[in-house]
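The sequence lines fix the lettering, A, B, ..., with proteins before strands; numbering per chain opens at 1. Worth saying up front: this structure is predicted, and the values here are computed from it rather than measured.
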Protein chains: 2
Amino acid sequence: MATPDTGAGTQTPGKPRLTREAVLAKALEIVDADGADSLTMRRLGQELGRDPMGLYRYAENRAALLDGVAELVLDDLSLTPSDPDWKGQLRTLAHDLRLLALRHPNVVPLLVTRPLSTPLGLRPLGTLRPLEQILSLLVKAGFRAPDALHVYRAYYGFLYGHILNELQEYIVDPDENEALLRLGLHRLPPKEFPRLRSLAPALVEYDGAEELDQGISILLAGLESQLKRQQDSASM
Amino acid sequence: MATPDTGAGTQTPGKPRLTREAVLAKALEIVDADGADSLTMRRLGQELGRDPMGLYRYAENRAALLDGVAELVLDDLSLTPSDPDWKGQLRTLAHDLRLLALRHPNVVPLLVTRPLSTPLGLRPLGTLRPLEQILSLLVKAGFRAPDALHVYRAYYGFLYGHILNELQEYIVDPDENEALLRLGLHRLPPKEFPRLRSLAPALVEYDGAEELDQGISILLAGLESQLKRQQDSASM
DNA sequence: ACCTGAACACCGTTCAAGT
DNA sequence: ACCTGAACACCGTTCAAGT
């Protein structure tokens, strides 16, 4: 026949065919362990027990691999756009994303940086899904579509800003945290940095979840009053 | 004598001694032109007409060079902590930082990412100066020091979030913008991305300055009511 | 003491050579 | 048609050799 053996039997034992999922999962493992810079084609190939060149079957290049890792992590996020309690949804989504960032701190730079080099329309679908869902949630809550976009921007901007802030103050070992911080702040010239130096205790007691929650509250209050104004003016 | 010629005459013509400032200025030039990945020791050395190894006199390593570039850009920022109109100061600082980001889009990933790998106390002084000044501004405005820290976080988080948002939607060539956007959005599966697809026109009309200003207004309103509550409860 | 550049241990990616 | 790996054109950084 014209169709030859499809090759099911030609695989070397111990080398089941790779999948894109398996490749990305291992890539995420490397990023989590050693940071995005450590994710090289050669190392990924080695940890998968394959020729590094074979990876080009699963990602066009290294940049696409990094995008894939970001997408994989965002897949853990979910919200229910049909929930009428839109503020509650936004609040829990914020906390979900925060926890995800704390679980994968080395991925955050990818989340924040990769989209800067890809026009919105060309991003991986996985990274656009939260945007679509939030828009859907807001439209169902009564926002007109263009306003939903503004709200999304304010919300997501605030959320990512908070996460970056928190990770910047976060130090891996909590025991070392206080000592290291004092040490570092002590280095600052007292005349030039009086406030910052005196805030060492407050910096140590940082509670990210609480801080995020308060910020979200401020934002939601502002947004709700905006929604009310909009509905009032529409019903006149 | 024991002190020999200090070497002022030994320089090859056309090779005046480099300064850290000159090195960083050229580094910024490269980042602005081609992105942070293109800033290599070898290329920087070549564009300065020097042996790349000589650069290690001005920066400990490549990472320190990137920190230096971030610091250099932030030096353009200034605010007057003594101004009693703290809300006005925060608002103009926000716009200043936004314009700076639009002028140096390739530096933004550095601004956002580099601090993640350095504990707060160990950052370059230049990147801590805005923090100190904002704290000073807020304390003079009546916030207690620990609250000033919370306000700073909310403010700076929101600001950076906005800038990241705006740059993600920003496309270099405005003429190409609309076409490219439509093209990109058209690629999305209609059933899965109905809202996003329908928002193409709104996405094209994005006005970053206006969006930032509204966000700041929401935030400042929330913050001022917080300040009021605090002062009321203190005077009881 | 300072400067220079060879050398080392890596990179991503292309592409010719095998099967 | 697929897979493999040699080869190319780069990296950052160390350190020995020069002055």
Side-chain angles (χ1 to χ4, degrees), chain A residues 1-20 22-24 26-27 30-31 33-69 106 110 113-114 117-118, chain B residues 1-20 22-24 26-27 30-31 33-69 106 110 113-114 117-118:
Chain A
M1 277 298 285
T3 43
D5 182 349
T6 44
T10 59
Q11 275 163 218
T12 312
K15 294 212 177 190
R17 176 161 231 87
L18 283 177
T19 60
R20 180 171 159 85
V23 171
L24 289 180
K26 181 62 82 178
I30 294 174
V31 171
D34 296 314
D37 287 344
S38 300
L39 179 62
T40 67
M41 305 305 274
R42 285 161 143 102
R43 172 160 174 198
L44 182 55
Q46 186 191 321
E47 298 210 3
L48 288 166
R50 307 307 171 98
D51 187 304
M53 297 306 107
L55 299 175
Y56 286 90
R57 286 185 66 52
Y58 305 98
E60 208 176 336
N61 49 35
R62 195 181 101 98
L65 208 54
L66 293 173
D67 283 335
V69 170
N106 290 340
L110 297 180
T113 302
R114 293 295 315 154
S117 23
T118 322
Chain B
M1 277 299 285
T3 42
D5 182 351
T6 43
T10 59
Q11 276 164 217
T12 311
K15 293 213 177 189
R17 175 161 233 87
L18 282 177
T19 60
R20 181 174 158 84
V23 170
L24 289 180
K26 182 62 82 178
I30 294 175
V31 171
D34 296 314
D37 287 344
S38 300
L39 179 63
T40 67
M41 305 305 273
R42 285 160 143 103
R43 173 160 173 198
L44 183 55
Q46 186 190 322
E47 298 211 1
L48 288 166
R50 308 306 171 99
D51 187 304
M53 296 306 108
L55 299 175
Y56 286 89
R57 283 187 69 52
Y58 305 98
E60 208 176 334
N61 50 34
R62 194 181 103 98
L65 208 55
L66 293 172
D67 283 335
V69 170
N106 290 340
L110 297 180
T113 302
R114 292 295 315 154
S117 21
T118 322

Who are the side chain to side chain contact (heavy atoms under 4.5 Å, CB included) partners of [X], not counting sequence neighbours?
X: B:D37; answer: none
X: B:Q46; answer: none
X: A:A64; answer: A:A59, A:E60, A:N61
X: A:L24; answer: A:R20, A:L65, A:L72

Go along nucleotides 5-19 of chain D 5' to 3' and tag each nucleotide: B for a protein heavy atom under 4.0 Å from its base, S when only backbone or sugar atoms are that close, - otherwise.
B-B---BBBB-----

May I have the distance from B:R50 (atom CZ) to C:dC2 (atom P), rounded to whole angstrom?
17 Å

Listed by chain and number, what are the salt bridge (Lys or Arg N to Asp or Glu O under 4.0 Å) partners of B:R42, not counting sequence neighbours?
none

Mind checking salt bridge (Lys or Arg N to Asp or Glu O under 4.0 Å) for A:R62 and listing every partner two or more places apart, or none if nothing turns up?
none

Under 4.0 Å between a side-chain N or O of B:R57 and OP1 or OP2 of C:dC2?
no

Only counting residues at least two apart or in another chain, list the ones meeting side chain to side chain donor-acceptor pair (under 3.5 Å) with B:R57.
none

CG on B:N106 to OG on A:S117, rounded to 0.5 Å:
9.5 Å

Nearest-angstrom distance, C1' atom, D:dC8 to C:dC10:
15 Å

According to a 3.5 Å limit on both distances, what stems of 3 or more consecutive Watson-Crick or G-U pairs are formed with DNA chain C?
C:4-8 with D:12-16, C:12-16 with D:4-8

